[in-house]
S.K.: 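Questions regarding the structure given below will be posed in turn.
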2 protein chains.
Amino acid sequence: MNDNTTEQSNGQDDAGRDARHKARMVRKKEVVDAKIAAAQDERGVIVITTGNGKGKSSSGFGMVVRALGHGMRAGVVQFIKGAQPTGEEMFLRRFPDVCDFHVMGEGYTWETQDRARDVAKAEAAWEVARGMLRDPSIGLVLLDELNIALKLHYLDVDGVIADLRARPPMQHVVITGRGAPPALVEAADTVTDMVPVKHAFQQGIKAQRGVEM
Amino acid sequence: MNDNTTEQSNGQDDAGRDARHKARMVRKKEVVDAKIAAAQDERGVIVITTGNGKGKSSSGFGMVVRALGHGMRAGVVQFIKGAQPTGEEMFLRRFPDVCDFHVMGEGYTWETQDRARDVAKAEAAWEVARGMLRDPSIGLVLLDELNIALKLHYLDVDGVIADLRARPPMQHVVITGRGAPPALVEAADTVTDMVPVKHAFQQGIKAQRGVEM
């Protein structure tokens, strides 16, 4: 192999490269098409975004927007409440007919410093979530930062999984937050571990509106 | 340690656990507050979501919604065009005054099988992106699947980075797609590697509206 290949390329090389590209892409298309043909089940899925990287909640809100775009109704329960309303809250509250938005938690645990109160708030939030999980008119439910409430044992994971399993068959559920418990990962269809490569915060950059909040 | 602790717990144990929780959270709050105080830079950031896991594009669209919620204007360029309009496209096109939405690519490379055409489409898409990167009235720019165009050398990474560096200082840019090139990772502020733990598609479940599209 020669590192100078691209610099030495001429018309003929380009034609050869393009032909090889096409042959490779024809083979790839066969593989992809076969996989798509094999995946024919249609049902509601449970998606988990977890890990320490940035993008867990924003990914959940992206899926809410996708669902709304397809004319579905969406429900959102946020298990951790920040000091100020977030951009996603301010935006999605403009569409109360199609997006049922609840901010139920009471700040991060190190802000409240009161376990009994955190447990009571998490239980109240779960009651709202459970109402959504019984409502077939809601196509997608986002349970933002639920993993944190489970990790801290504010809610019982087995009870949560039982409620998820009893939901309408076509309903999608997206669950975000660090530290998804293994039983919940087992119960989910799609799970992504968001791994931080680097974060602006570590370089002294404040949380930015539109990006982190 | 005794596994029966919780079952044997009584009021006194609960009080002890709550007090320990509080002490731990007081210490944690000090650490978190100190970090927040140290991070005071305010400027536009470059965020990259990459890797093979689900959630890259949806995370970008979540940030678009955050920006819109804060009253910012957003620009979107999608470098890969699917067969049908996605939910996010259908939803965000309802707000043309605040969200400038462009779907520029021509399908995945294995669908087009024509490299010269893919390069021309990518270059045209970059021209639109560059216009956004020169417009200080746009608070957040989402360059969806740009990484793929770079990985396939449809666009020159150094030229892309030069245009990103020349953007208005408060503008945020979110770049998604597998295989972010190392030079782009180096130029970014926040980078997340989305690692698949499992995916519904592998279990024979079709791509679902509201979740994958």
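Order of the sequence lines sets the chain letters (A, B, ...), proteins ahead of strands, with each chain counted from 1. Values below: every heavy atom of this structure, side chains too, minus hydrogens, waters and symmetry copies. In this text, all values refer to a predicted model and were calculated from it rather than measured experimentally.
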S.K.: Does any backbone or side-chain atom of His172(A) lie under 4.5 Å from a heavy atom of chain B? Answer side chain, backbone, both or neither.
M.R.: side chain
S.K.: Have Ser59(B) and Ser58(A) got a donor and an acceptor in their side chains that come within less than 3.5 Å?
M.R.: yes
S.K.: Testing the basics here: between Thr190(A) and Ala200(B), what is the closest heavy-atom pair and its distance to 0.1 Å?
M.R.: OG1-N, 2.8 Å
S.K.: Could I get the full list of side chain to side chain contact (heavy atoms under 4.5 Å, CB included) partners for Arg167(B), not counting sequence neighbours?
M.R.: Ile46(B), Leu133(B), Gln171(B), Val173(B)
S.K.: Got a donor-acceptor contact below 3.5 angstrom from the Lys198(B) side chain to the Glu186(A) backbone?
M.R.: yes
S.K.: Is it the side chain or the backbone of Thr50(A) that comes within 4.5 Å of chain B heavy atoms, both, or neither?
M.R.: neither
S.K.: Could you tell me whether the side chain of Arg43(B) reaches within less than 4.5 Å of the side chain of Ile205(A), counting heavy atoms only?
M.R.: yes
S.K.: Select, from Glu88(B), Met90(B), Lys56(B), Arg94(B), the one with the greatest count of heavy-atom pairs under 4.5 Å involving chain A.
M.R.: Glu88(B)
S.K.: Would you give the length of the straight line joining atom CG of Asp193(B) to atom CG of Asp193(A), rounded to the nearest 0.5 angstrom?
M.R.: 9.0 Å
S.K.: Between Thr192(B) and Gly53(A), what is the shortest heavy-atom contact and its length?
M.R.: CG2-CA, 4.0 Å
S.K.: What are the two closest heavy atoms between Val211(B) and Arg66(A), and how far apart are they?
M.R.: O-NH1, 2.8 Å
S.K.: Could you state the interatomic distance from CG (Leu152(B)) to NE2 (His21(A)), rounded to the nearest 0.5 Å?
M.R.: 7.0 Å
S.K.: Given a strict heavy-atom distance threshold of 4.5 Å, which part of Met72(A) is in contact with chain B: side chain, backbone, both, or neither?
M.R.: side chain
S.K.: Please round to the nearest 0.5 Å and tell me the distance separating atom CD of Gln208(A) and atom CG of Leu140(B).
M.R.: 11.0 Å
S.K.: Identify which part of Val65(A) has an atom lying under 4.5 Å from any heavy atom of chain B, answering side chain, backbone, both or neither.
M.R.: both
S.K.: Let me confirm one number: the CD1-NZ distance from Ile48(A) to Lys54(B), rounded to the nearest 0.5 Å.
M.R.: 13.5 Å
